[in-house]
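In what follows, a single structure is set out as structure tokens and then discussed.
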There are 2 protein chains.
Amino acid sequence: MLKISKKADYALMALQHIALVQFGDVTPGRVVNTKEIAEEYNIPLELLAKVLQALSKNGMIESHNGPKGGYLLARNASHITIAQILESIEGPLGLTDCSHEKDGDFCMQREHCNIRTPLLKVQDSIYQLLNSMTLQDMMGGTPLITIQSPSTQGVDR
Amino acid sequence: MLKISKKADYALMALQHIALVQFGDVTPGRVVNTKEIAEEYNIPLELLAKVLQALSKNGMIESHNGPKGGYLLARNASHITIAQILESIEGPLGLTDCSHEKDGDFCMQREHCNIRTPLLKVQDSIYQLLNSMTLQDMMGGTPLITIQSPSTQGVDR
DNA sequence: CTTGAGTCCGACTTATTTGATCGGAGATCA
DNA sequence: TGATCTCCGATCAAATAAGTCGGACTCAAG
């Protein structure tokens, strides 16, 4: 239960990858294109493209068009929270359908519903949790490309 | 995002209702049948039946067959957690598909996946949150028996 | 200034999950 | 014994998610 979608999964992977390339190792501020990420993680190219578009539209990354184009983090990794990323892809957090209902529309159960209020509390707690964790926190201790000698820069494998 | 299913919703409502009838007001230890709950909250009868069956199978409630039959909480409301209820309906908590993977099966992204570990931490935090909240907590504001001394064990009202 | 590599974007198809329904078997009390 | 109720498996329909396709726009190199 409470599973996040594959798209959200891909978003997290892609952002983490971009962050690593941008801040993690020697290659300085290099842009990352869709194809590179798709191949690295075995993600369907077209689907990943859509995910990255959504992230761009929501201000998580910046896109640069044309040849040698690609994506860049819109701001520092420590200022991008998990909550922001997930909401960019899956829409606002909401345990139940009635989470964001205005006073106008009711669910069929609303009149006798006693679980709405406590569930909203739970939801709020989860949100705070997701919003306190940043992209930076997800880069800790991962031995990815790790040390790459400066002489081999630009040569990715 | 992170929405729980309608069935889980119904489960929470139904359990809360049963708990109220059993502990909350004057009618003492009365059993509650499916129809009563379905009508009270406008839930499709057959669907609610399935939900209650699942709850029964998972030890949340006890079923009593035949005429004048119905459901009863299997134990005190303070010993039934939200996590237990949700897992009875929706299966084990898992943000990603790979949450419960054994070492044998890999997802396509596993080899380069750097987000698994941090996500598992988040997942664990959410679980603790859901597991620390009980059915009793969801009855807040409703005057119920509250304190039950250990000496009255076995006598559930 | 043309061309090709690359992003961008929306519509579309397919697969999976969820919501809801139906029919009958077994249990219990009057 | 009969009426009522839970129990349980199978099935259908609707909603959502995953993945695909085709074309328009943008930029840098030749």
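In what follows, every chain begins at residue 1, and chains take the letters A, B, ... in the order their sequences are listed. Worth knowing before you read on, the calculation uses all heavy atoms, side chains too, and leaves out hydrogens, waters and symmetry mates. Not measured: the values here are computed from a predicted model.
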Could you give me the CA-CA distance, side-chain angles and deciding distance for Arg75(B) and Ile61(B), then say whether side chain to side chain contact (heavy atoms under 4.5 Å, CB included) is met? CA-CA 8 Å; Arg75(B) 54 185 180 280; Ile61(B) 53 181; over 6 Å; no

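- Residues passing the side chain to side chain donor-acceptor pair (under 3.5 Å) test with Ser5(A) are Glu90(A), sequence neighbours excluded.
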Could you please spell out the steps behind the side chain to side chain contact (heavy atoms under 4.5 Å, CB included) verdict for Tyr41(B) and Leu48(B)? CA-CA 10 Å; Tyr41(B) 299 95; Leu48(B) 179 62; over 6 Å; no

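- Counting only residues at least two apart or in different chains, salt bridge (charged side-chain N to carboxylate O under 4.0 Å, His left out) contacts with residues 36-48 of chain B comprise Arg30(B)-Glu36(B).
- Contacts with DNA chain C (heavy atom under 4.0 Å) in residues 3-12 of chain B: Ser5(B), Lys6(B), Lys7(B), Tyr10(B), listed by number.
- Qualifying side chain to side chain donor-acceptor pair (under 3.5 Å) partners for Ser88(A), counting only residues two or more places apart in sequence or in other chains: none.
- Taking atom CG on Leu48(A) and atom C1' on dG19(D), their separation rounds to 12 Å, with Å as the unit.
- Contact annotation: the side chain of Thr134(A) never approaches that of Ile80(A) to less than 4.5 Å [non-hydrogen atoms, C-beta and beyond].
- For the pair Leu45(A) CG and dT20(D) P, the computed distance is 10 Å after rounding to whole Å.
- At whole-Å resolution of the value, CG in Asp97(A) and P in dA15(D) are 12 Å apart.
- Partner of Val32(B) under the side-chain contact (heavy atoms from CB on, under 4.5 Å) criterion, out of Leu72(B), Leu20(B), Ile37(B): Ile37(B) alone.
- With rounding to whole Å, Leu55(B) atom CG is found 13 Å from dC8(D) atom P.
- In this structure Lys6(A) satisfies the salt bridge (charged side-chain N to carboxylate O under 4.0 Å, His left out) test together with Asp97(B), sequence neighbours excluded.
- DNA chain C contains the following stems of three or more consecutive Watson-Crick or G-U pairs, with both distances under 3.5 Å: C:1-30 with D:1-30.
- Among residues two or more places apart in sequence or in another chain, the side chain to side chain donor-acceptor pair (under 3.5 Å) test is passed with Glu87(B) by none.
- Evaluation of the side-chain hydrogen bond (donor to acceptor under 3.5 Å, both in side chains) test over residues 50-69 of chain A, restricted to residues two or more places apart or in two chains, returns none.
- Within residues 80-94 of chain B, no residue has a heavy atom under 4.0 Å from DNA chain C.
- Within the structure, every pair that satisfies the side-chain hydrogen bond (donor to acceptor under 3.5 Å, both in side chains) test and touches residues 120-129 of chain B, not counting sequence neighbours, is listed here: Ser99(B)-Gln123(B), Asp124(B)-Gln128(B).
- Looking at Thr96(A) and Asp9(B), their side chains never bring a donor and an acceptor atom within 3.5 Å of each other.
- Among the nucleotides dC9(C), dT21(C), dT7(C), the one closest to the side chain of Thr34(A) is dT7(C).
- Across the protein-nucleic acid pair, Lys57(A) atom NZ and dT7(C) atom P stand 17 Å apart, rounded to whole Å.
- Looking at Asn114(A) and Met13(B), their side chains never come closer than 4.5 Å, going by heavy atoms from C-beta outward.
- Rounded to an integer number of Å, the gap from Leu47(B) CG to dC22(C) P is 13 Å.
- Here Asn76(A) pairs with Ser78(A) under the side chain to side chain donor-acceptor pair (under 3.5 Å) rule; sequence neighbours left out.
- The distance from atom CD of Glu62(A) to atom P of dT7(C) is 16 Å, rounded to the nearest whole Å.
- Among the protein residues, Lys50(B) comes within range of the nucleic acid bases, having at least one heavy atom under 4.0 Å from a base atom.
- The CG atom of Leu52(B) sits 9 Å away from the P atom of dT6(D) (whole-angstrom rounding).
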Find every protein N or O atom lying less than 3.5 Å from an N or O atom of nucleotides 22-28 of chain D, and list the pairs.
unit_1: dT26(D); atom_1: O4'; unit_2: Asn65(A); atom_2: ND2; d: 3.4

